[in-house]
Amino acid sequence: MDQFLAYGVVGLSTAAIYAVISGGLVVTYTTTGVFNFAHGAAGMFSAFMYWQLSVGWGWPVWLSLLVILGIGAPLFGLAIELAMRPAQALGEAEKLVMTVALLSGLMAMARWIWNPTEARSLTPFFADRTPFHIFGATVTWHQALTMVVAVAVAVGLRVLLLQTRTGAEMRATVDDRALVGLTGADPLRANRIAWILGIELAAVGGILIAPAVALDATALSLLIVSAYAAAIFGRLRSLPLTFLGAIVVGCMESYLAGYLPQNDYLPGLRLAAPAILLLLALLLFPHGRLRGRDRQLSPVPLPTLRGTWFLAAVIVLFGVILATVLSESDLMSYGQIFAIGVIALSYVPLAGFAGQISLCQISLAAIGAIVCARFGGDGQWWAILLAAVIAGVIGAVIAVPALRLSGVYLALGTAAIAVIFDRWIFTLPSFEIAGVRISLFDQGSIEVSGPSLFGLAIDTPARVTIFGAVVLALVTVAVAMLRRGRLGRRLIALRDSEAAFATLGGNLLAGKLIVFGLSSAIAGLGGALYGMSLQSATPDQFSFIAGLPIFLVVVLAGLGSVGAGLFTGAGLAGPIHAIGALWPSIREMSQALPAIGAVAFGAKAVQEGGIAELRKRWNAAFDDNVAMGALVLWTLLAWLLRLTDVVNGYVFTLLLALAVPLIPAFAGRRLRTSNTPVAPSASGGADTAEPADATEPADTAEPADTAEPDEEVPVEWWGIARDWAPEDEEVLDRAIAARS
């Protein structure tokens with residue numbers, strides 16, 4: 001009994017910290033409509049700052065707390081409010097990416113400032129005082145402090161929200177953000193207070209929990225999963241239920257640590273328990289209405305046939321050039337461009353077309369790598385297809401519970417699945433199911449071999465690179481054809497409005513099963529290629545945290561753009577590896593580049609995504625045969641100079657980089673000289689921006705294939721005042737769905 005009480009005290013102490021953290025999370029979400037995935041990272045950074053001031057520099061504890069909680073946390077909250085303000089009018093995925101970027105960026109910054117290989121620890125508060133006893137259970141003064149702080153936070157939040165004008169403004173902002181402005185209240189001030197209060201509570205929680213766990217950036221940031229579960233208990237709006245959920249989560253973790261049987265298969269279960277509880281809470285509890293009435297959906301580009309095949313040819317040529325100019329060691333790093341590109345493309349049909357936000361694509365990629373390693377060890381070509389099929393089936397299974405989830409709830413659910421795979425499933429030793437022995441990573445690493453195709457073994461980094469480029473090109477063409485086909489139009493209708501999609505006869509279950517299965521198969525295929533590039537893969541390379549930069553760069557490239565694969569692969573495996581190789585001291589900091597780009601995107605520094613911006617600059621060049629010919633000759637000349645060792649790799653890279661600004665400038669100069677108007681992206685770009693207004697025609701890119709709808713004729717008169725065109729069906733479907 002004494003042991004049971006002792007574990008109960010530990011659980012309540014942990015629950016008190018979760019209550020403080022999740023309380024700030026709920027206040028922020030209910031007031032601003034933004035679910036802060038970086039909430040735990042803010043607490044982690046505060047804990048590291050507290051260690052730096054109190055231990056690293058030897059400041060008094062009271063002064064360290066005053067600086068962090070009185071100055072640092074409020075200023076950080078203000079900065080986040082300013083950064084998030086433009087993103088609040090964006091779609092769910094784009095709004096979510098801002099906080100995911102903050103999570104990734106804060107972790108990279110923490111690892112850069114505080115060397116992760118050095119052990120750090122914090123002393124609990126009042127550690128010099130003798131613990132006291134309650135019913136035979138020992139209670140330390142640090143544990144007592146956490147419970148007192150939790151009670152104080154609960155009372156303070158209740159007084160603030162129910163008995164002050166500021167609280168009334170915050171609650172009114174929750175009910176109707178547009179109407180509250182008409183009453184003289186200030187929604188921006190309410191948002192500002194909510195962000196400051198939320199970050200302040202995250203900082204308090206991070207400082208309180210740091211003495212009880214390892215001072216590690218990843219571990220502290222992922223403690224937020226437990227707070228997520230508590231917040232879902234409160235349906236992201238009820239503080240009393242959130243505090244109750246925190247008690248359930250804290251006590252569960254404590255009793256699992258004390259009473260879970262010792263077994264090779266169960267240690268990971270204890271670590272994954274909060275994520276399992278979060279997933280169950282998402283599936284079982286009814287959800288509150290999401291704040292999304294003023295959302296703005298991003299347009300989905302329509303790829304042209306000529307642009308798609310041009311892009312595919314560029315990908316293959318890029319792969320051949322890399323394979324011929326780089327050494328084997330460099331290809332181990334830069335050859336990952338194409339494998340990461342395939343994984344990134346899995347987001348395009350799922351999040352870009354269908355609007356289903358998934359954060360577990362990297363886990364499905366791991367499934368593909370495992371299947372390829374287990375069945376393709378002797379070069380069996382069909383192991384790659386099997387990897388895609390099995391990953392697709394598992395993805396379709398994930399889609400079944402996803403029917404109950406949407407928006408941020410779906411993102412939370414898929415994040416929980418990724419954490420369950422990360423902490424438990426991938427750490428399991430071999431096991432048997434119905435007599436079939438299953439080996440995942442088998443508590444080690446897996447060796448992934450390339451296939452043998454037509455008698456040619458894909459067994460060198462150069463061959464793997466070219467093979468990956470060909471696969472990425474084929475997947476790019478397939479995704480473009482999907483977007484141009486009927487299924488692609490139906491998925492976009494599903495994204496615009498699920499209710500309208502179902503009302504018009506669409507099958508939600510079939511639609512989600514298909515898109516989840518399809519995107520998971522692409523992720524599994526990418527995972528198999530990624531494993532081949534690495535040759536030896538470990539679970540850490542497919543962790544939840546490792547998958548976040550891919551999601552960030554895909555959104556930065558433009559969700560829904562088929563060029564996002566090459567953009568993401570080149571962006572992640574190119575500059576980041578180069579910076580790490582050239583300047584090792586800032587290797588960790590370079591990991592923050594995707595986060596910085598995503599924050600710039602959320603702040604509308606990049607209006608339509610990176611690919612749309614590039615396409616605008618290259619439109620004139622794509623329509624100028626002389627400019628394109630000059631680009632081909634320039635590339636071939638640089639390639640020849642490198643192959644003959646006339647120039648080294650740095651000069652070769654510089655020559656290719658110079659073509660990026662020079663060719664569009666050359667084409668623009670020729671255009672001005674000839675004074676000939678150029679039709680926007682009629683033949684060169686892979687994607688053509690779809691009009692933001694759904695009532696306008698979607699297929700404006702290919703005059704040869706589609707008719708140009710007459711904008712002067714109202715949509716309801718199409719087919720009467722003018723002839724009906726096949727592409728009008730998509731325009732009408734989207735118009736009806738968007739206005740439902």
Looking only at heavy atoms, what is the nearest atom pair of [X] and [Y], with distance?
| X | Y | value |
| --- | --- | --- |
| Leu305 | Met481 | CD2-CE, 3.3 Å |
| Gly395 | Phe516 | O-CB, 3.5 Å |
| Leu656 | Trp634 | N-NE1, 4.4 Å |
| Gly563 | Leu311 | CA-CD2, 3.9 Å |
| Val562 | Pro303 | CG2-CB, 4.1 Å |

For Asp378, enumerate each residue passing the salt bridge (Lys or Arg N to Asp or Glu O under 4.0 Å) test, keeping only those at least two apart in sequence or located in another chain.
-> none

Side-chain donor-acceptor contact under 3.5 Å, Asn115 with Thr117 | yes

Where the side chain of Thr324 meets the backbone of Val320, is there a donor-acceptor pair that is under 3.5 Å apart?
-> yes

Evaluate whether atom CH2 of Trp309 has more than 12 neighbouring non-hydrogen atoms of other residues, nucleotides or ligands under 6.0 angstrom away.
-> no

Partners of Ala110 by side chain to side chain contact (heavy atoms under 4.5 Å, CB included), sequence neighbours excluded?
-> Met44, Phe45, Trp114, Ala217

Parallel, tilted or perpendicular: rings of Phe542 and Phe441 (30°, 60°) | tilted

Mind checking whether Phe421 and Phe426 have parallel, tilted or perpendicular rings, split at 30° and 60°?
-> tilted

Identify every side-chain donor-acceptor pair in residues 336-354 under 3.5 Å, counting partners at least two apart or on other chains, and give the distances.
from   : atom 1 : to     : atom 2 : distance (Å)
Gln336 : NE2    : Met332 : O      : 3.0
Ser346 : OG     : Ile343 : O      : 2.5
Ser346 : OG     : Gln361 : NE2    : 3.1

Flag side-chain contact, heavy atom, 4.5 Å: Ser363 against Asp422 = no

